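Here is the structure we will look at, set down as structure tokens.
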Amino acid sequence: MPSLRPIALAPFPTLYAVNGMVCSVDHLASSAGVAMLRSGGNAVDAAIACSAVLSVTTQHLCGMGGDLFALVSLPGSPAPAVLNASGRAGSGASAERLRAEGFTAVPRTGHISAVPVPGCVDGWVALHSRFGSLPLSTLLAPARSYASDGFPISPLLAASARRALAPLAAAGSDGVADYPTGPALRAGALMRRPGVARTLAAIASAGRAGFYEGEFGEGLLALGDGEYTADDLSSPLADWVDGLSLAIPSWGRTLWTVPPNSQGYLTLASAWIASGLPLPSDPTDPLWPHLLIEASRAAGYDRVSVLHEHADGPSLVALDRLATRRSLVSADAAAVGLGDGPYLGGGTIYLCTADGSGMGVSLIQSNYSGFGSMLVVPGVRIFLQNRGHGFSLVPGHPAEYGPRRRPPHTLSPALVTRTDDGSLDCVLGTMGGDSQPQILLQLLARRYGAGVAGGASGPADAESPASALAAGRWVLAGTETGYDIWSGGRGQVRVAVEGHAPPSWLPGLSALGHDAFPSPAWSADFGHAHMIAFSDGLLSGAADPRALGGAAVGY
């Protein structure tokens, strides 16, 4: 993700509402979600409408060619409903074939093996079937209108768009010019996506069949040339699963996420580890990022070995396992012998919604990295994800690339409830590939662990959503995307520190043994996170300023 010009911190207020709120990276999408709330819809209706608009306006991050996860909290329910709408490799997937061709990893771009059957649309259909209160055609109408009539190109899409021109040309013009050309390709220029508009119309009229068995599905089968079968596309990809949770006693909160194949367990594990460490009351103290970095490293150093679709989520956050890992953390210096390695921002969006009844939705959808595999389905001209890059080509590995398997996933939306009564406290999440759990840990620590030495904190100590989101961040750093953080060397830890982080962090982290280096302020490499908090019938929320065009919209 390219880094754009720095933006000013102020004004960046937390917004408040009573009847509903939507936060996303695009103000058009957030507004579409709120329009559904105003029309009598609920938070799920708002989430579907917002997600659909994002699939039109932010194709450099997500789209109908990618996957989707969601958590839905209902008032009075002891646990959120959790949806895994991640795709599966086609029936023609063969690790042996790739190894014979000389590959040691599933290619990240330009190869159909990186493309599981996309689960996003099945996610919309499953959410609507279980919780939707407005017609699906109504929810998709704003996205369809933007695709057919045009929408203004956002600053981030304009900065990324030239990467898309060659793949689109390779897919054939079909009489369609998705992007303006030359100097006209700029922020604010009008863009239309008629193939996407046709696809949304097909889904509105025929449900999932309009997508998987329609123009998109036919194009995917042809492009796959044996990678997929018709049965691969006709089999629904969205599963309702038991959520993974962990109580953090000193915070008085319980954290929820999607179980494996999601890496969300790392958010829970690192938060539990950090909550028992001597976090300073002041996050400007370099000990604060140091302990969170070490908690993240201790939680995730073996992720490549243990994360796969059949992994036992509860065992990954078992307290005896986490207690052993907490013992690896020292306040005096960075630990040696833990994984470290690269990261660069990926292609993902996160959104959250709430309504006046207390329903909250935490939803994430993704291409994986940028425009995904850089393969485009002709006609509809939808970019395909490259989530299959997360598969292993090691023979016998539990995440080995193979027919109808789900790859390990970086997507890790989160939801927080109050441990005493189970009521919803906040929904939050971020884009950021490997770094998602690291960014979420920093937001959680600011909300629940900053304010009282030792980590105990009550609601009065919580940073506001805007304050927590705007604060400078760190991420474990490097040069690639995906799972490389945990498969790098075993030496000094590399940590990127955002340009507007406290000036004490860089020298302090270096003194503690980290290879800390400065990165641009307000960079998308540090995620696009959003948050909505719930308290006494009042909603408070904010969208990440790093997205430039993002918005929290309430009413």
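No experiment lies behind these values; they were computed from the predicted model shown. Only heavy atoms go into these numbers, but all of them, side chains included; no hydrogens, no water, no symmetry mates.
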Worksheet entry | By side chain to side chain donor-acceptor pair (under 3.5 Å) - contacts of Ser270 (at least two apart) | none
Worksheet item: Pro286: what forms a side chain to side chain contact (heavy atoms under 4.5 Å, CB included) with it, not counting sequence neighbours?
Response: Ser504
Item to complete: Kindly write out the residues that satisfy side chain to side chain donor-acceptor pair (under 3.5 Å) with Thr419, not counting sequence neighbours, or none if the list is empty.
Response: Thr254
Practice prompt. Could you tell me which residues satisfy salt bridge (charged side-chain N to carboxylate O under 4.0 Å, His left out) with Asp26, sequence neighbours excluded, listed by chain and number?
Written response: none
Practice prompt. Show your reasoning for whether side-chain hydrogen bond (donor to acceptor under 3.5 Å, both in side chains) applies to Gln385 and Asp67.
Written response: CA-CA 8 Å; Gln385 66 178 350; Asp67 285 348; 3.2 Å; yes
Worksheet item: Can you list the residues that meet the salt bridge (charged side-chain N to carboxylate O under 4.0 Å, His left out) rule with Arg321, with sequence neighbours excluded?
Response: Asp302
Item to complete: Could you list the residues that satisfy side chain to side chain donor-acceptor pair (under 3.5 Å) with His290, not counting sequence neighbours?
Response: His514
Item to complete: If a pair satisfies salt bridge (Lys or Arg N to Asp or Glu O under 4.0 Å) and one of its residues is in residues 258-278, list it, with sequence neighbours excluded.
Response: none
Practice prompt. Kindly write out the residues that satisfy side chain to side chain contact (heavy atoms under 4.5 Å, CB included) with Phe103, not counting sequence neighbours, or none if the list is empty.
Written response: Leu98, Glu101, Pro107, His111, Leu393
Practice prompt. Decide if the gap between the ring center of His409 and the ring center of Tyr368 is smaller than 6.0 angstrom.
Written response: no
Worksheet item: Of all residues at least two apart in sequence or in a different chain, which pass the side chain to side chain donor-acceptor pair (under 3.5 Å) check with Ser392?
Response: none
Item to complete: Kindly give the heavy-atom pair with the smallest separation between Leu157 and Met191, and that separation in Å.
Response: CD2-SD, 4.2 Å
Item to complete: Only counting residues at least two apart or in another chain, list the ones meeting side chain to side chain contact (heavy atoms under 4.5 Å, CB included) with Ser373.
Response: Val115, Leu375, Leu384, Asn386
Discussion item. Among Val427, Leu411, Val72, Leu351, exactly one meets side-chain contact (heavy atoms from CB on, under 4.5 Å) together with Leu363. Which residue is that?
Written reply: Leu351
Worksheet, complete the sentence: Those residues at least two apart in sequence (or on a different chain) that pass ring-ring contact (aromatic ring centres under 6.0 Å, His included) with Tyr401 are Phe391
Worksheet item: Taking only residues two or more places apart in sequence or in another chain, which ones pass side chain to side chain contact (heavy atoms under 4.5 Å, CB included) with Ala43?
Response: Thr353, Asp355, Met359, Val361
